[in-house]
2 protein chains.
Amino acid sequence: MALEHAILVSLLERPGSGYELARRFDRSIGRFWTATHQQIYRVLRRMEADGWVRAEEVAQDGRPDKKVYSAAQPGRDALAAWLREPVEPETVRHELAVRIRAAAFDDPAALIPEVERHREGHAALLARYLLGERRDFPDAGTPGTLDAGQRLQHVVLRGGIEYERMTIAWLDDVLATLRELAEGR
Amino acid sequence: MALEHAILVSLLERPGSGYELARRFDRSIGRFWTATHQQIYRVLRRMEADGWVRAEEVAQDGRPDKKVYSAAQPGRDALAAWLREPVEPETVRHELAVRIRAAAFDDPAALIPEVERHREGHAALLARYLLGERRDFPDAGTPGTLDAGQRLQHVVLRGGIEYERMTIAWLDDVLATLRELAEGR
DNA sequence: TATCTCATGTAATCAGTTACATGATTGC
DNA sequence: GCAATCATGTAACTGATTACATGAGATA
């Protein structure tokens, strides 16, 4: 039920059309909340009906018209109320862990290429995060250079970086275990 | 689409009824895949119809009858095929990260109690994992004492432990940031 | 007497994905 | 000429949650 809130945060950071939101959900916000454009359009219409967002039709030349959404006060209020609600524990869906345990009933070596591919994906993501950090927060060590929003964005990014580091180290552990089992050690 | 496979792994590790599976999903398996009993019963019926599992009615005295499920060969085959499929990147749902960025548009201090509660939950989980590790894998350092299934279970558990450690460290980082912002530093 | 555990289920609803559709413009 | 980008949508479906129901024995 937090897609509404993720959209609100994104619109508070910068107003935009459904299409633009969908692209943000592919990039930055998609790091911690995914959504397809169909879902975004549907939720935006509901949010507009509830008065959480305002829509403004913008005509463009050479491009289709678009509806630019921005957060309205009732939306801000709803966000503030949500911030004060208890954080329910997140439902976990860790497919790779299921696969690793499943490997005990099949050939463990069969899983190695997939885990390697997974590891590469996380390494690439870590590199992108570190690049983004150097680009967006070069002076993070100097006090007083970042506003509240930037400091909060940075601490979320640091979480992503640490998560990727931890995951890569763990996948190396997994690979070592799988290779040992494959070699009969 | 991996609930079927998670159930299969669990039934291969040990046959059991829908009710028992639901309890395992509350405990061990729930660490990386959650499911309610309603969903488990529904999926079990489908799996039985597909021949992935076999059911045996077991009468008990003093307790209701139960249907004990065990994995059948077509289920094993499906699991082996699934292991060889590409691992699609998992959809991320990180509500706390959304909240942290939302705090920029509200009072950052309002989030502190919730983050503290979150941190306590992760610390408790880490303690449980470490206890489980000492109980189930006391001789993990000595080669030749664990079979393939145990070694794979252990590497998954190590992942959980590292994830909790990383998360606790990050939540401390988040709390420090929120407290600095609340104090106007 | 009341609550907890064991055991299985139905019904309604919500969230999210996949597939398909439309139509103009820009770049190769 | 073809693919990609911009822009918004409908329809069908699957996966998952919430609420409710039943009923017996065990425990406090």
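Every chain is numbered from 1, with letters handed out A, B, ... down the list of sequences.
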Could you list by number each residue of residues 8-19 of chain B showing a heavy-atom separation from DNA chain D of less than 4.0 Å, or answer none if no residue does?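 Within residues 8-19 of chain B, no residue comes under 4.0 Å of DNA chain D.
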Think R158(B) forms a cation-pi with W170(A), using NZ or CZ under 6.0 Å from the six-ring centre and within 45 degrees of its axis?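 No.
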Measure the distance from [atom1] on [X] to [atom2] on [N] and round it to the nearest whole Å.
| X | N | atom1 | atom2 | value |
| --- | --- | --- | --- | --- |
| E95(B) | dA15(C) | CD | C1' | 14 Å |
| Q38(B) | dC14(C) | CD | P | 17 Å |
| F25(A) | dA7(D) | CZ | C1' | 17 Å |
| R42(B) | dT8(C) | CZ | C1' | 14 Å |
| E20(A) | dA7(D) | CD | P | 6 Å |
| R93(B) | dA15(C) | CZ | C1' | 9 Å |
| K67(B) | dA7(C) | NZ | P | 14 Å |
| I40(B) | dA16(D) | CD1 | C1' | 12 Å |

With rounding to the nearest 0.5 angstrom, report the OG1 to CZ distance, T145(B) to F137(B).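 Interatomic distance, T145(B) OG1 to F137(B) CZ, rounded to 0.5 Å: 10.5 Å.
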Any chance the side chains of [X] and [Y] put a donor and an acceptor closer than 3.5 Å?
| X | Y | value |
| --- | --- | --- |
| T34(A) | R93(B) | yes |
| H5(A) | E95(B) | no |
| T177(B) | R151(A) | no |

Any idea how H118(A) and H122(A) line up, ring-wise: parallel (<30°), tilted (30 to 60°), or perpendicular (>60°)?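 The rings of H118(A) and H122(A) sit tilted, inter-plane angle from 30° to 60°.
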Answer yes or no: does atom CZ of R84(A) have more than 12 heavy-atom neighbours from other residues, nucleotides or ligands under 6.0 Å?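 Counting other residues, nucleotides and ligands, CZ of R84(A) exceeds 12 neighbours.
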If you draw a 6.0 Å radius around CZ in R117(B), do more than 12 non-hydrogen atoms from other residues or ligands fall strictly inside?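 Above 12, so yes.
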Nearest to side-chain heavy atoms of [X], which nucleotide of [options]:
| X | options | value |
| --- | --- | --- |
| Q39(A) | dT8(C), dA15(C), dT8(D) | dA15(C) |
| K66(B) | dT17(C), dA16(D), dT8(C) | dT8(C) |
| H37(B) | dA7(D), dT17(D), dT8(C) | dT8(C) |

Per-nucleotide protein contact along nucleotides 23-28 of chain C, 5' to 3', at a 4.0 Å heavy-atom cut-off (B base, S sugar-phosphate only, - neither), is B-S---
Considering just the side-chain nitrogens and oxygens of Y41(A), establish if one lies under 4.0 Å of OP1 or OP2 belonging to dT8(D).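 Checking Y41(A) against dT8(D): at least one side-chain N or O falls below 4.0 Å of OP1 or OP2.
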Between dT8(C) and R45(B), is there an OP1 or OP2 to side-chain N/O distance shorter than 4.0 Å?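 For dT8(C), neither OP1 nor OP2 has a side-chain N or O of R45(B) closer than 4.0 Å.
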When we call it a touch if two heavy atoms are under 4.0 Å apart, what does Q60(A) touch: a base, just sugar-phosphate, or nothing?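 Sugar-phosphate contact only - Q60(A) comes under 4.0 Å of backbone atoms but never of a base.
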Considering all heavy atoms of both residues, which atom of A140(A) and which atom of H154(A) are nearest to each other, and what is their separation?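 Minimum heavy-atom contact is CB-CE1, 3.4 Å.
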